[in-house]
Amino acid sequence: MRAMLKNIIFKILTFAVILAGPGAFPANAAEQAQLVKAYGMVQTRGPSEDWQTVSALPAPLAEGERVRTGARAGAVIVFADRSRVELGADSSFALEHVSARRTAMRIELGRLKASVQRQLSARFEVRTPTAVCFVRGTDFVVFVAAGGRTTVDLLRGLLGVEDRRGHQLLLRPNERLRVDVRGMGVPERAPSAAQVLRQDFHAGMRREVGLDQAKEEVLAAAAREVKLAEYQQGKALIDVSGNRVRLEEYILRPSANQFKFVVLNRRESRLDYFYYLGTFNKALPAELSGVLRQLPGGVGAQPEYYLTGFETGRSNTIDSMRELAQGGHPVDVNNNSDLTDNVAWWFDAGSDRYVEVGTRGFFQTLFNSYGFYINGKLKYGWTSARDIASYSEKINASNLDPITGAALTSANAWLDPLTGQLAVRSVNRTFPDPGRVHQRIYESYEDGSFISWDNYILDDQGRVAAVSDFSGLVSGTAFKSRLLDFNYEVVITASEFNGRRIDLVVEPRILISSGLIQ
Amino acid sequence: MRTFLLLGLLAAPSCAVEVEPLLSLKFLGGQYFFQGQKGALSGNVSALFAPAVRLDERWAVLPSVSGSYQGTKQVIDLVGAGTLFQEQMDYRVAAKTVYQGADSLWRLKGGLGYKLQLLKETKDEDWGRGLFDYRTLDIGLEAEYVYRDPFSLRVGYDYAWTYFPNYDSLESEAAFDFQGRPLARELVGDAVLNTHANMLTAALDVPLKGVAAVQAGLRLMQQIYPNQPVVAPSGQLMGEKRTDYQTAFDASLKVPFAAGPDIRIAACADASVSNLISNQNSYDARAARWLDRFYNHTQVGAGAGLQFLFGDERLPIEWSLGASWSRRSYPHRPIQDESGLYQDESLRQRSWLFSTTLKYPMAPRFALMFNFQHGQTASNQGCRLFYSAGYRATNYLFGFTYDY
């Protein structure tokens, strides 16, 4: 009941303010409004004039005259009744009417603070695109944003506000009202000066946090870029078990006629590596790609560069496997006495494709001696009495090291306890996982020992490729050609490893082009 | 920096110090999809707390601490996008001092920050043991000229030291083979990813006739890799260390307008261009090919977006749509065909990203949020032995946010 009564009183007061009559004002209209203070860029414009920067103060303001302020600028206008209007920065103001009975102004954009002297007979109006404020004896602030959205803060006195739909409301001191094109909202408590300061500080600090986050994102992007390069170069992979594999490959040049290709694999708790050391018939150029293209052999003529020996090593830093071959020399294998070693298709490293040799001669490097060592002891090997013309001439090692010629003992070779000689081996190739490209090469020795090579073909997400990826290509030349499109992981176990393994991810091209994958 | 902060504190008069807390929270859950496969449902959580301290009219100090956990991979995480599984945690502590003299248009700022990112990308990586975990220590100074609040010109310098504690080059770990012979190249570095970065930035906000705003930024960054030797044409390493120079320029235009009494719209468009020049080369040991200026690249990008605000301007419903495109060219990096054979063409990559976000206010500062992103990349690179640059990825997130 009390609230209703107050409401009625305020409405009556509102209309009293609006309908109030004229008062006693000076008769000279030009003296009724004056621009008395201006700082920053402040310009005025009469009804038929151009904008002019205010140069002298005080400057009288006439009806219809407009005032605008720039960034960090402001202006003060006083009226004959000592009412005062302060314009903030970036404001657009127009004096619509000034007389003893009625003062009317318009603010299109920006901030206006008005201190209006109590004159019962005078009417003071501030218009915005969406509201009209009727004033009597009042201090208030009007802020107009884009789209005419108006915020009115009443500091002292009474203030009538009307929206574009004709709704009227009487604001009380310390109340805030928002008005837009939809009409007026509900009065709320206006923030105190301290609260405004705090809100400004809060907004400023929020902005600083945002700027910090933007800078941090630049640095994070730089870190992502570093990581991206590692992925793109294949230095970080994920293996068949979903675990991290790191891979580094590079070339060493131990001497003028040698190069060493090194592959390093790192997992959480292990490091495996592979190297291939090739020794050539002559000094190598700085650019090796031309030399590597000649590694598989030459059609019609012997290649300029050919291997006289090679060495490979595989290790998990505990166990090791080493191959050594010596006495390399080029042989036309298509025109020797052995028909089984004829080459019908040749891997052309220049085009990375297999090409048909036909009836042409094909020069391949054959080695006179070969030794395969596990953990430093000979496991298997062969030799020959002269430069062999065919591997059918090779003689399997039994009691002499094919490389050093030393007599084999249990200290330098894995001898069959029953014979005291190297055990004879047999090789079996299988695909143990149906549907998956997983090849197992199992070398079994007559002394019961074994070496198992489990070869996995991985796609770029670390999963074992499906057989369907190799439809009809599960063996032979086509299989090797298709291998070039994939990543290759080999897991080697051996009876000499005591349960350990060597686990390597190697891209197969170097193995194929160098003849290591037969 | 400590001295700077201390001076700031000492310069403060004895008036009451005011503390204004800032808080942001996000709790989101969602899923990641990659080439038709989907990751598990997981959550993303982030929090930021910054008790801003107003020492007096001129000085303010802004300490902050933030942390986040990301269980759902996002489309923008293009690195290693082939893995559905990725968890990431970020923590950062920072402090900033802001000084603005009475009636001055200048703001001077100094800041110091330390960030820790932990990343689990594979099953065998535990928190703190991720290969690409990194830490960044950064320090910066900025001067801002507020010529027309809130529009300003900012110029700044930042230094950052980023290091990857779990990443050493394998080569540096394997000096000798089992024969006792060298396995690593001479001059090999160990922590090859660590960088010192020096960054100069300038940014300008400009109002356009009261109806639009333009923002433009220029960034010059030098990145020094103190442990990464430059690769010589022979594939061996040189004494010179890798240094990259990046120049980036971006600009955006934002136009807010009202489409009706209850609908406000902000339309924006942006464009960017960046260029990186590096003295580093690469050597493809498999093909025995030296790749000169391997990292040099130029990237251009463009984007557009719309933000809709519906209803009460104090508690509006926000809906935003965005689309962006970028193209990166590596002028000196030849592409390879499917079998890895090098071609004459140089590498180009393109990516598209579409995103939409809906924020529905539940109470002041508290909102429900739904976010959807879809990205595609394409490349003329035929060789996909290790990394596929052509794929599609999608993710969605749903949850709530709180901002104070």
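Side-chain atoms are counted along with the backbone in the values below, which use heavy atoms only and exclude waters and symmetry mates. So you know, we letter chains A, B, ... as the sequences are listed, proteins then strands, and number each from 1. These numbers come from a predicted model, not from an experiment.
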Please identify, among [options], the residue contributing the most non-hydrogen atom pairs under 4.5 Å to chain B.
options	result
A:L271, A:T317, A:L109, A:D212	A:D212
A:R253, A:R322, A:E287, A:K260	A:R322
A:S315, A:A286, A:A223	A:A223

Checking heavy atoms, do the side chain of [X], its backbone, both or neither come under 4.5 Å from chain A?
X	result
B:Y342	neither
B:A258	neither
B:F178	both
B:Y295	side chain
B:D158	side chain
B:N194	neither
B:P256	neither
B:L119	side chain
B:V188	neither
B:Q179	side chain

Non-hydrogen atoms of [X] and [Y] that approach each other most closely:
X	Y	result
B:Q236	A:I251	NE2-O, 2.8 Å
B:S152	A:R207	OG-NH2, 3.4 Å
A:M205	B:A60	CE-CB, 4.1 Å
B:M199	A:L219	CE-CD2, 4.4 Å
B:L183	A:Y250	O-OH, 2.5 Å

Contact origin within [X] toward chain B - heavy atom pairs under 4.5 Å:
X	value
A:V209	both
A:A89	neither
A:Q199	neither
A:A73	neither
A:L211	side chain

Non-hydrogen side-chain atoms of [X] and [Y] separated by less than 4.5 Å:
X	Y	value
B:Y167	A:E230	yes
B:Y225	A:V226	yes
B:R289	A:L288	no
A:K227	B:L131	no

Options [options], ranked by heavy-atom pairs under 4.5 Å with chain A, top entry:
options	result
B:L62, B:V98, B:T195, B:T201	B:L62
B:V231, B:T136, B:D177	B:D177
B:D138, B:L105, B:D244, B:T162	B:L105
B:A50, B:G235, B:P182, B:S234	B:P182
B:D90, B:D262, B:N166, B:D403	B:D262
B:A184, B:P21, B:G113	B:A184

In sequence, state the C-alpha distance, the side-chain angles, and the governing distance for A:L197 and B:R54, and then conclude on side-chain contact (heavy atoms from CB on, under 4.5 Å). CA-CA 11 Å; A:L197 194 65; B:R54 183 187 173 90; 3.6 Å; yes
A:A222 backbone acceptor or donor facing B:Q223 side chain under 3.5 Å: no
Working to the nearest 0.5 angstrom, can you tell me the gap between A:D90 CG and B:F151 CZ? 8.5 Å
Going from CZ on A:R266 to CD on B:E173, what distance comes out if it is rounded to the nearest 0.5 angstrom? 4.5 Å
Is there a side-chain contact (heavy atoms from CB on, under 4.5 Å) between A:Q213 and B:L48 once you walk through the steps? CA-CA 11 Å; A:Q213 288 175 330; B:L48 178 141; 3.3 Å; yes
Indicate whether any N or O donor in one side chain lies under 3.5 Å from an N or O acceptor in the other, for B:R181 and A:Y275. yes
Can you confirm whether the side chains of B:S24 and A:R206 place a donor and an acceptor under 3.5 Å from each other?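 The criterion, which ignores hydrogens and geometry beyond distance, is satisfied for A:R206 and B:S24.
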Give the intermediate values and the outcome of salt bridge (charged side-chain N to carboxylate O under 4.0 Å, His left out) for residues A:R198 and B:E18. CA-CA 9 Å; A:R198 186 179 164 186; B:E18 296 172 34; over 6 Å; no
As a quick check of understanding, evaluate salt bridge (charged side-chain N to carboxylate O under 4.0 Å, His left out) for A:E225 and B:R328, giving each step before the final call. CA-CA 13 Å; A:E225 199 65 35; B:R328 178 180 286 197; 2.4 Å; yes
Could you walk me through whether A:E208 and B:K96 pass the side-chain contact (heavy atoms from CB on, under 4.5 Å) test, one step at a time? CA-CA 9 Å; A:E208 293 300 331; B:K96 189 173 192 177; 2.7 Å; yes
Hey, is CD on B:E186 packed in by over 12 heavy atoms from elsewhere, all under 6.0 Å?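 At most 12 heavy atoms, drawn from other residues, nucleotides or ligands, come within 6.0 Å of this atom.
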Evaluate side-chain contact (heavy atoms from CB on, under 4.5 Å) for B:D284 paired with A:E249, printing each intermediate quantity in order. CA-CA 8 Å; B:D284 182 351; A:E249 298 169 326; 5.5 Å; no
Please state whether the rings of B:Y404 and A:H202 are parallel, tilted or perpendicular, taking 30° and 60° as the class boundaries.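 Rings of B:Y404 and A:H202: perpendicular, over 60°.
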